[in-house]
Amino acid sequence: MMLRQRLLEILTQAVAEAQRLGKLPPVIPSDISIERPQNAQHGDYASSFPLKVARAAGLNPIKVANEIVGLIAPTEELDRVSVAPPGFINFVLKDDWLAKQVESVLAAGDAYGNLDFGQNRSVQIEFVSVNPTGPLHVGHGRGAVIGSTLVGALSAAGCEVQKEYYINDAGNQVKTFYRSLFARYQQCFGIDAEVPVDGYVGSYMVDLAKEIIAETGDKFLHLPEAEAVSQLGQIGLQKMRRLIKDDLELIGVTFDVWFSEQSLFDNGQYQTVMSLLRQAGHLAEKENATWFVSTALGEDKDNVVVRSDGSPTYFGTDIAYHYNKFIERQFDEVIDIWGADHQGHVSRMKAVIGALGINPDRFKVIISQMVTLHRGKELVRISKRSGDIITLREVVEEVGADACRFFFLSRSADSQMDFDLELAKKQSMDNPVYYVQYAHTRVASILRLAAENGIDYGDGDVSRLTTEPELILIRKMLLLPEIIEVVARSLEPHHLPYYAQDLATVFHSFYKQCRVVSQDDIALTKARLKLVAATKLVLAKTLRLMGMTTPEKM
RNA sequence: GCGCUUGUAGCUCAGUUGGAUUAGAGCGCAGCCCUGCGGAGGCUGAGGCCGUGGGUUCGAGCCCCGCCAAGCGCGCCA
């Protein structure tokens with residue numbers, strides 16, 4: 001069980017006992033909480049529960065705290081429990097108990113940090129889902145990295161997670177893509193064709209046309225235009241999907257399901273959900289279009305779901321898609337990661353989910369804000385319209401997948417971020433990526449040295465770990481499960497890189513102060529090797545959660 | 001005009017569901033530490049009215065209201 005939970009249990013028991021003895025009024029259990037004091041001098045954990053209950057009941061918080069502390073029996077993990085003004089309860093862990101945790105970490109192995117917090121609830125997380133009409137750019141990369149990291153953290157936290165990419169293969173964008181590609185194709189043969197006004201003008205479309213010509217020649221020039229556009233377009237679309245998949249794999253992002261928008265029409269689910277909404281009175285005809293009457297649900301305005309020409313809007317098909325997620329596939333929880341430009345879509349989507357009788361709390365949207373690229377001080381401009389885009393692939397090839405992932409993860413999703421290519425590329429100490437990975441290689445090299453010297457530390461006695469640097473390192477390792485819970489609960493993966501840096505820092509500090517492999521004291525050497533091996537596990541776990549490699553050498 | 005997000009050290013950002021007379025980290029800046037396991041490291045210091053003005057309470061960077069500034073969005077694009 002997680003340490004914090006264990007302490008919560010101890011505290012809750014004491015509170016219940018105090019209530020039984022009539023020393024405390026009845027309270028709601030959720031009021032009881034254990035926090036981590038920001039000032040370490042106050043102890044490992046603390047509770048402000050006495051302050052809260054004292055206010056509600058009109059009691060003296062110090063007295064309340066003393067009553068509770070008096071009812072906490074000694075335990076193996078707690079050195080002391082004390083009361084501090086104005087009414088805190090502070091918990092300090094026992095040094096020898098901390099030392100023993102090294103064995104627990106080693107025994108848990110790769111599973112260290114995993115929780116049952118999620119209780120196997122099924123979570124579907126959908127991200128990237130870029131139209132297959134062009135290559136991914138940096139902003140997409142951010143969503144991809146956040147999404148894939150959440151998948152790992154939620155899995156570690158005990159959720160059954162499925163990751164999905166939604167392919168918009170049915171809308172207007174696809175038709176425009178088809179016509180753009182056909183125009184480029186014709187141009188390659190010297191035909192005076194024009195890319196549609198709102199078409200895709202990027203140079204990658206020319207490359208795509210050339211690639212298809214290299215494979216199949218001019219055969220589409222000899223077909224009736226409608227047929228040519230459609231056949232050529234489908235080939236192009238397939239290639240685009242392949243390209244996107246490859247780009248994503250470059251930063252370690254894969255999916256369980258590639259979900260086709262078109263399938264929602266083919267299997268009738270779009271029609272089903274529309275008639276459900278119609279029967280429930282959520283749809284209305286206005287100006288020849290069909291509207292979702294969200295104003296009746298407290299929204300600012302209604303939204304079109306079926307255009308006057310009879311075709312569904314993006315919103316319309318997205319309704320069907322989420323009906324599919326919740327009703328057809330029965331996920332307990334659905335998480336969507338969208339770009340900042342979709343932010344206006346959130347509240348109407350929540351409204352429609354409520355209208356379908358689904359608890360909107362089961363639907364979570366993460367908006368990942370924009371990324372601006374810098375090269376040192378210089379701003380790198382992105383303009384999709386002109387086709388002048390910085391692709392994700394270019395960035396990954398320039399700075400590497402590990403650095404790319406780490407940087408994307410280092411900022412909370414809801415604030416815009418600057419991505420400095422120069423900094424990410426630097427293999428020096430200004431780059432936190434290398435700082436963290438360096439800690440891992442140092443650990444690895446110590447273990448290598450021990451192996452070369454034939455030291456078997458299996459019988460190491462961890463009770464020899466008593467000094468400050470050792471205990472600080474152990475305390476930091478014990479934090480990982482809490483970090484995983486925070487990430488899973490808040491859906492904010494940016495806590496991981498910060499934890500990784502903290503862990504690396506305390507390790508480097510330990511390394512400086514505590515000689516590990518030494519002939520002078522073989523017993524201490526073995527104990528410290530156990531600590532180092534445990535550190536390796538925790539560092540590696542953290543790096544893997546972030547989707548980064550765990551180098552043995554650099 | 002309305003909505004969402006953001007505003008914390010020179011720069012880039014954390015701040016774990018309001019908590020403890022000193023608000024943290026990295027970089028940058030000023031210094032110190034190499035007869036040892038990887039110096040891609042360790043240590044010390046300077047640097048903040050937490051955008052701004054009110055409010056809520058035992059207690060606010062965090063909650064509420066106003067204002068200022070930036071980004072994004074606002075009925076048949078996705």
Side-chain angles (χ1 to χ4, degrees), chain A residues 33 35-39 41-42 46-48 51-52 54-55 61 84-88 90 129-131 133 168 171-173 176 198 286-292 294 300-309 311-318 338-347 367 369-370 372 374 377 407 410-418 420 423 426-432 434-435 437-439 441-442 444-450 453 479 482-483 485-487 489-490 492 494-495 497-498 501-502 505 508-518 525 528 532 553-554:
Chain A
S33 65
E35 302 102 38
R36 195 167 265 281
Q38 52 181 11
N39 188 339
Q41 287 173 353
H42 293 128
S47 178
S48 57
L51 286 165
K52 286 171 183 149
R55 169 163 40 163
F88 291 98
N90 291 329
S129 298
V130 176
N131 285 341
T133 53
N168 296 107
N172 275 330
Q173 305 282 316
T176 306
D198 290 324
K286 271 192 301 189
E287 302 164 30
N288 291 326
T290 305
W291 300 65
F292 174 63
S294 33
D300 289 349
K301 53 198 173 229
D302 297 338
N303 297 97
V304 173
V305 291
V306 183
R307 298 187 185 91
S308 44
D309 69 1
S311 65
T313 60
Y314 168 77
F315 182 44
T317 50
D318 226 22
W338 297 341
D341 53 343
H342 282 59
Q343 145 269 113
H345 192 54
V346 177
S347 68
I367 297 293
Q369 295 291 335
M370 301 194 73
T372 45
H374 290 264
K377 300 238 169 196
F407 271 72
S410 298
R411 310 284 176 255
S412 80
D414 49 15
S415 59
Q416 297 167 44
M417 75 173 284
D418 290 322
D420 186 343
L423 177 60
K426 268 191 203 162
Q427 306 207 355
S428 68
M429 57 197 255
D430 0 346
N431 191 335
Y434 292 93
Y435 182 83
Q437 289 188 324
Y438 179 56
T441 61
R442 246 188 180 171
S445 108
I446 293 170
L447 295 176
R448 266 199 308 276
L449 180 74
N453 291 357
L479 209 55
E482 291 179 35
I483 298 296
E485 190 190 317
V486 166
V487 171
R489 192 189 291 282
S490 64
E492 291 174 348
H494 70 267
H495 298 289
Y498 285 94
Q501 282 183 88
D502 277 354
T505 300
H508 286 309
S509 179
F510 155 82
Y511 173 88
K512 187 72 180 178
Q513 295 171 75
C514 301
R515 171 83 196 176
V516 177
V517 181
S518 157
T525 293
R528 285 183 171 166
V532 169
K553 294 180 178 179
M554 284 170 68

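The sequence lines fix the lettering, A, B, ..., with proteins before strands; numbering per chain opens at 1. What you see is a predicted model; the values in this text were computed from it and never measured.
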Subject >> Under 3.5 Å donor-acceptor, A:Ser47 side chain and A:Ser33 backbone >> reply: yes
Original post:
Counting side-chain heavy atoms from C-beta on, which of B:A20, B:C37, B:G41 comes nearest to A:Tyr438?
Top reply: B:G41
Original post:
Looking at side-chain heavy atoms only, is the closest gap between A:Val532 and A:Phe510 below 4.5 Å?
Top reply: yes
**OP:** Could you encode protein contacts along nucleotides 59-65 of chain B as a string, one character per nucleotide from 5' to 3', using B for base contact, S for sugar-phosphate-only contact and - for no contact, with a heavy-atom cut-off of under 4.0 Å?
**Re:** B------
Original post:
Which word best sums up how the rings of A:His342 and A:Tyr314 line up, parallel for under 30°, tilted for 30 to 60°, or perpendicular for over 60°?
Top reply: perpendicular
Original post:
What closest approach, in Å, do A:Glu287 and A:Ser308 show between heavy atoms, and which atom pair accounts for it?
Top reply: O-CB, 4.3 Å
Original post:
So do the side chains of A:Ile446 and A:Arg528 get within less than 4.5 Å of each other, counting heavy atoms only?
Top reply: no
Original post:
For B:G38, does OP1 or OP2 lie under 4.0 Å from any side-chain N or O of A:Ser445?
Top reply: yes
Original post:
So what does A:Ala46 hit on the nucleic acid, given a heavy-atom distance under 4.0 Å: a base, only sugar-phosphate, or nothing?
Top reply: base
Original post:
For B:G15, does either OP1 or OP2 sit under 4.0 Å from a side-chain N or O belonging to A:Arg36?
Top reply: no
Original post:
How does protein contact run along nucleotides 73-78 of chain B, one letter per nucleotide 5' to 3', with B for base contact, S for sugar-phosphate only, - for none, heavy atoms under 4.0 Å?
Top reply: SSBBSB
Original post:
Is A:Tyr434 near enough to B:G26 that one of its side-chain N or O atoms lies under 4.0 angstrom from OP1 or OP2?
Top reply: no
**OP:** Measure from the side chain of A:Arg515, starting at C-beta and using heavy atoms only, and say which of B:A14, B:U22, B:C37 lies closest.
**Re:** B:C37
Subject >> Watson-Crick or G-U counterpart of B:U57, or none if no pair lies under 3.5 Å >> reply: none
Subject >> Closest to the A:Lys52 side chain, choosing from B:U22, B:G19, B:C13 >> reply: B:G19
Original post:
In Watson-Crick or G-U wobble terms, both distances under 3.5 Å, what is the partner of B:G73?
Top reply: B:C2
**OP:** Output yes when at least one side-chain N/O atom of A:Ser415 is less than 4.0 Å from OP1 or OP2 of B:C13, else no.
**Re:** no
**OP:** Kindly point out which of B:A40, B:A14, B:G39 is positioned nearest to the side chain of A:Ser412?
**Re:** B:A14
Subject >> Minimum-distance nucleotide to A:His494 side chain [options: B:G15, B:G39, B:U5] >> reply: B:G15
Original post:
Can you find a donor-acceptor N/O pair under 3.5 angstrom joining the side chain of A:Asn90 to the base of B:A20?
Top reply: yes
Original post:
Stacking check: are the rings of A:Phe88 and B:A20 less than 5.5 Å apart at their centres and under 30 degrees in tilt?
Top reply: yes
Subject >> Selected nucleotide, minimal atom distance to A:Ser509 side chain, candidates B:U22, B:G42, B:A20 >> reply: B:G42
Original post:
Starting at the 5' end of RNA chain B, which residue's closest nucleotide do you reach first, A:Ser518 or A:His508?
Top reply: A:Ser518
Subject >> Minimum-distance nucleotide (side-chain atoms of A:Met370 versus B:C13, B:G71, B:G41) >> reply: B:G71
Original post:
Between the main-chain N or O of A:Val305 and the side-chain N or O of A:Thr290, is there a donor-acceptor pair closer than 3.5 Å?
Top reply: no
Subject >> For B:U12, the Watson-Crick or wobble partner whose two distances fall under 3.5 Å >> reply: B:A25
Original post:
Taking only side-chain nitrogens and oxygens of A:Tyr498, does any of them come within less than 4.0 Å of OP1 or OP2 of B:G24?
Top reply: no
Original post:
How long is the line joining CD of A:Glu35 and P of B:G15, in whole Å?
Top reply: 17 Å
Original post:
Taking the side chain as C-beta and beyond, is there a heavy-atom pair between A:His42 and A:Phe88 under 4.5 Å?
Top reply: no
Original post:
Taking only side-chain nitrogens and oxygens of A:Ser410, does any of them come within less than 4.0 Å of OP1 or OP2 of B:A25?
Top reply: no
Original post:
When you check the glycosidic angle of B:C34, does it come out syn, meaning within 90° of 0, or anti?
Top reply: syn
Subject >> Pairing nucleotide - B:U35, Watson-Crick or G-U, each distance under 3.5 Å >> reply: none
Original post:
Mind checking what makes side chain to side chain contact (heavy atoms under 4.5 Å, CB included) contact with A:Lys301, not counting sequence neighbours?
Top reply: none
**OP:** Ignoring hydrogens and angles, tell me if any N or O in the side chain of A:Arg442 forms a donor-acceptor pair with the backbone of A:Ala444 under 3.5 Å.
**Re:** no
**OP:** Could you please name the partner base of B:G47, counting Watson-Crick and G-U wobble pairs only when both distances are under 3.5 Å?
**Re:** none
**OP:** Could you tell me which nucleotide pairs with B:G7 by Watson-Crick or G-U wobble geometry, both distances under 3.5 Å, or answer none if nothing does?
**Re:** B:C68
Subject >> Heavy-atom side-chain contact between A:Val486 and A:Glu492 under 4.5 Å >> reply: no
Original post:
How long is the line joining CD1 of A:Ile483 and P of B:U16, in whole Å?
Top reply: 11 Å
**OP:** May I ask you to test the A:Tyr511-A:Val516 pair for a side-chain heavy-atom distance under 4.5 Å?
**Re:** no
**OP:** Give a yes or no on whether the backbone of A:Gln416 and the side-chain of A:Arg411 come within a donor-acceptor separation of less than 3.5 Å.
**Re:** no
Subject >> Candidate nucleotides B:C37, B:G38, B:G19, ranked by approach to the side chain of A:Arg448 - the nearest >> reply: B:G38
Original post:
B:G15, B:A20, B:G36: which one has an atom nearest the side-chain heavy atoms of A:Ala84?
Top reply: B:A20
